[in-house]
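Each remark here refers to the structure printed beneath this line.
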Amino acid sequence: SGAYLAGVREHLTAAAVTFDRFHVKQKLSEAIDTVRRAEAKEHKELLKNTRYLWLKRPKNLTTKQLDWLDQLLQQPLQTVRAYEQALKFDDFYELSADAAEEYLRRWVQEVKATDLVPLIEFAEMLESHWQGVIRWHHSQVSNGLLEGLNSLIQAAKRRARGYRSTRNYKAMIYLVAGKLNAGPQLA
């Protein structure tokens, strides 16, 4: 987000921002889904209830879903083209740091040559955050741990309603996120 980047630039001037794999792929999935939703207006019956076929990795699909996806991949759909580009994008994360940047440059050029506006916008977003996207290959950091911790804090916040002080809210956060052992007490 823009606010996150502005905060990092203002308060962590020496920090090198890395865009983690999960969030980059999330943006690509949103672009694919935008293509699918627009095309579903023309091909309602064909694309009805197919959202998760396009968003899940093929290895995570059931046999029935794979068969359905195979049938859809035979159709001349924009969603199919977007999906195929997404599968090619996945290869970026499997390459060495040396090969990844050139691969991504070629992928962006290929996407820009299509008429798939949501994917073109995604490619432009990659270009505007190029160094942070490429940096993943050097740092391979993920903020999954922080996302999980934030989820626990939000759960504590919901549980803490009715508490009358910030001190009690903080105590609830420590109890929930601190994984304290509340086993038998010694007298």
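Model, not experiment: these values are computed from the prediction.
- Scanning both residues, F122 and A31, for their nearest heavy atoms gives CB-CB, 4.3 Å.
- The CG atom of L119 lies 6.0 Å from the CG atom of L28; values are rounded to the nearest 0.5 Å.
- Under the 6.0 Å cut-off for aromatic ring centres, F89 and W107 qualify, their centroids lying closer than that.
- Here side chain to side chain donor-acceptor pair (under 3.5 Å) pairs that include residues 60-69, with residues two or more places apart or in two chains, are T62-Q65.
- Hydrophobic clustering (ILVMFWY, side-chain heavy atoms < 4.5 Å, transitive): I134 and F22 are in distinct clusters.
- The residues E110 and R105 are annotated as not salt-bridged, no charged nitrogen and carboxylate oxygen being separated by less than 4.0 angstrom.
- Here the closest non-hydrogen pair linking V133 and L104 is CG1-CD2, 4.0 Å.
- Nearest heavy-atom pair across W54 and L73 is CZ3-CD2, 4.1 Å.
- Judged by distance alone, with hydrogens and angles left aside, the side-chain atoms of T18 form no donor-acceptor pair with the main-chain N or O of D20 at under 3.5 Å.
- Of all heavy-atom pairs between L72 and L53, the closest is CD1-CD1, 3.8 Å.
- Taking OH of Y83 as the start and CG of L116 as the end, the distance is 15.5 Å to the nearest 0.5 Å.
- The closest side-chain heavy-atom distance from E127 to K112 is below 4.5 Å.
- Counting non-hydrogen atoms of neighbouring residues, nucleotides and ligands closer than 6.0 angstrom, the OH atom of Y52 reaches no more than 12 such neighbours.
- Between L77 and L46 the shortest side-chain heavy-atom distance falls below 4.5 Å.
- Salt-bridge formation is not detected for the pair K88/D91: no Lys NZ or Arg NE/NH1/NH2 atom is positioned less than 4.0 Å from an Asp or Glu carboxylate oxygen.
- Atom NZ of K27 has 12 or fewer heavy atoms from other residues, nucleotides or ligands within 6.0 Å.
- If you chain together hydrophobic residues whose side chains sit under 4.5 Å apart, L66 and I32 fall into the same group.
- Salt-bridge check for E94 with R21: passed, with a basic side-chain N closer than 4.0 Å to an acidic carboxylate O.
- Between H137 and Y93, the two ring planes are parallel [angle under 30°; tilted spans 30° to 60°].
- For the pair R135 (side chain) and V17 (backbone), a donor-acceptor distance under 3.5 Å is present.
- Summarising the geometry, atom OG1 belonging to T114 is positioned 6.0 Å from atom CZ belonging to R81; distances are rounded to the nearest 0.5 Å.
- Closest approach of E39 and Q78 over heavy atoms only: OE2-N, 2.7 Å.
- Residue L95 holds its CG atom at 11.0 Å from CD of E102, rounded to the nearest 0.5 Å.
- To the nearest 0.5 Å, atom NE2 of residue H43 and atom OG1 of residue T50 are 11.5 Å apart.
- Salt bridge status for D90 with K25: present, with a side-chain N to carboxylate O gap under 4.0 Å.
- V117 and M125 fall into different hydrophobic clusters, where Ile, Leu, Val, Met, Phe, Trp and Tyr residues are linked whenever their side-chain heavy atoms come under 4.5 Å apart, directly or through other members.
- Residues L87 and L55 do not share a hydrophobic cluster, defined by chaining ILVMFWY side chains whose heavy atoms lie under 4.5 Å apart.
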**Verdict with reasoning, E30 to R37, per salt bridge (Lys or Arg N to Asp or Glu O under 4.0 Å)** = CA-CA 10 Å; E30 289 171 9; R37 278 187 275 121; over 6 Å; no
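- Within the model, atoms NZ of K56 and OG of S29 stand 12.5 Å from one another, a figure rounded to the nearest 0.5 Å.
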